[in-house]
Amino acid sequence: MKFGTKVIHAGIEPDPTTGAIMTPIFQTSTYVQESVGKHKGYEYARTQNPTRHALEANLSALENGKHAICFSSGLAAMDAIFKTQNPGDEILCTNDLYGGSYRLATKVFERFGLKSTFVDMYDAANIEQYLTEKTKLIWIETPTNPMLNIVDIKAITAIANAKGITSCVDNTFASPYLQNPLDLGATMVTHSATKYIGGHSDVIHGCVITSDDKIAAELRFLQNAAGAVPGPMDCFLILRGIKTLHLRVQRACENARTIAEQLLVHPKVSKVYYPGFESHPGHQIAKKQMKDFGGMVSFDLHDNTLEAADVILSNTKLFSLAESLGGVESLIGHPATMTHASIPKEERLKVGLTDSLIRLSIGVEDVDDLVADLNVALDS
Ligand SMILES: *Cc1c(COP(=O)(O)O)cnc(C)c1O
């Protein structure tokens, strides 16, 4: 099955009791058993839920994996992956990481003896010097947030696989429509399904997909043992969102290219970060590992102040000032004070995340209206 068919059909069966074409929302906490130990495979809803199972079957197909394990948020998925490690283990992470991922790695897991190191992965060979006997997991995010840097998944996972190190790619920014890390050698792929996969800004959700039976069993154990499971209504909303994933992401990519090109020629704009430009340092790799360049664009201003950014952030009408990304509606954000406020300023500046950097999540509206909206704000 090709992608556009999988989003609609993979893992989805008509409901056996009624024939309902849409997977019902099994809003139940427990299941009646016929006699002791005799049941239909469902005992208690933290452990098993049919709506969640349908979603997991669909997600594993989208990422070409064998197993998908769903969680109540993207960070709950990351939390479970980190819990498969042991005190004393080391994790090597991309340096330009989603703020919440950085916070979880440093403020939570360091207390339990897991050490995370944040390194430049844009030249794959650069990571060798940081690998130690204790390195057990490599955590890749690409394209990165908000700088839209590109990590060569195949090159990094080849190094990891040769040394028996597990790898995980946070594929939130690309979505499974544009990029499939398991095909490129990664052990696991994770998503904040809150973003493109759900796509309608109405639910928080996360997942991990893998073809490794042992890791899947550990994650399944943690899903039940720690209990950060998504509710059935949330699983239903994600399933519904997925049906148009390919259409939404395709349109967002087209809109993003037009907007990036328009920003580039605006006199107030000093830099546009967009992997679709040939001048982008990761362009060739992005072209190789992604189907298109995504719906995210960041840009910086000649006037490097928070005040200059604020004028633009408060003068768009269609672009709503909000955290998050990947929804049908366009959003504008200020990473320094919003998504990345938990990262110390010195660390932020090291990767180019200035006070004037603005991040756009391009939606699926008519692109002419989006361009006009940005121009009004830029000219204010
Ligand atoms: C939003 C996001 C997360 C966290 O996901 P939640 O669903 O908000 O917990 C992780 N990684 C990336 C890249 C994100 O954008």
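Remember, it's 1-based here, ligands and their atoms both numbered in the order they're listed. Side-chain atoms are counted along with the backbone in the values below, which use heavy atoms only and exclude waters and symmetry mates. Residue numbers start at 1 and run along the sequence shown.
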- Begin with the C-alpha distance, continue with both residues' side-chain angles, and end with the deciding distance and a verdict on salt bridge (charged side-chain N to carboxylate O under 4.0 Å, His left out) for D152 and K288. CA-CA 9 Å; D152 188 335; K288 213 174 51 178; 3.6 Å; yes

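- A cation-pi contact links K195 to Y98, judged by a cut-off of 6.0 Å to the six-membered ring centre and 45° from its axis.
- Every atom of ligand 1 is numbered from 1 in the order shown, and the set under 4.0 Å from a heavy atom of E141 is 13 (C).
- Below 4.0 Å from some heavy atom of L325 lie the following atoms of ligand 1, by number and element: 15 (O).
- Close placement of the H53 and Y42 rings is indicated, their centers lying within 6.0 Å of each other.
- Looking only at protein heavy atoms, the nearest one to atom 3 (C) of ligand 1 is Y98 CE2, 3.3 Å.
- Under 4.0 Å is where a charged nitrogen must lie from a carboxylate oxygen, and between R52 and E56 at least one such pair does.
- Among T142, T144, D170, the residue whose heavy atom lies nearest to atom 11 (N) of ligand 1 is D170.
- Residue L75 places at least one N or O, backbone or side chain, under 3.5 Å from an N or O of ligand 1.
- Taking a cut-off of under 4.0 Å to the non-hydrogen atoms of H205, the atoms of ligand 1 that pass are 7 (O).
- Y31 and Y44 have their aromatic ring centers separated by at least 6.0 angstrom.
- Ligand 1 has no N or O atom lying under 3.5 Å from any N or O atom of F173, backbone or side chain.
- The contact set between ligand 1 and G74, taken as ligand atoms under 4.0 Å from a residue heavy atom, comprises 5 (O), 6 (P), 7 (O), 9 (O).
- Between F293 and Y274, the two ring planes are perpendicular [angle over 60°; tilted spans 30° to 60°].
- A donor-acceptor pair shorter than 3.5 Å cannot be found between the side chains of S101 and E141.
- For atom 2 (C) of ligand 1, the closest non-hydrogen atom of the protein is K195 NZ, 2.5 Å.
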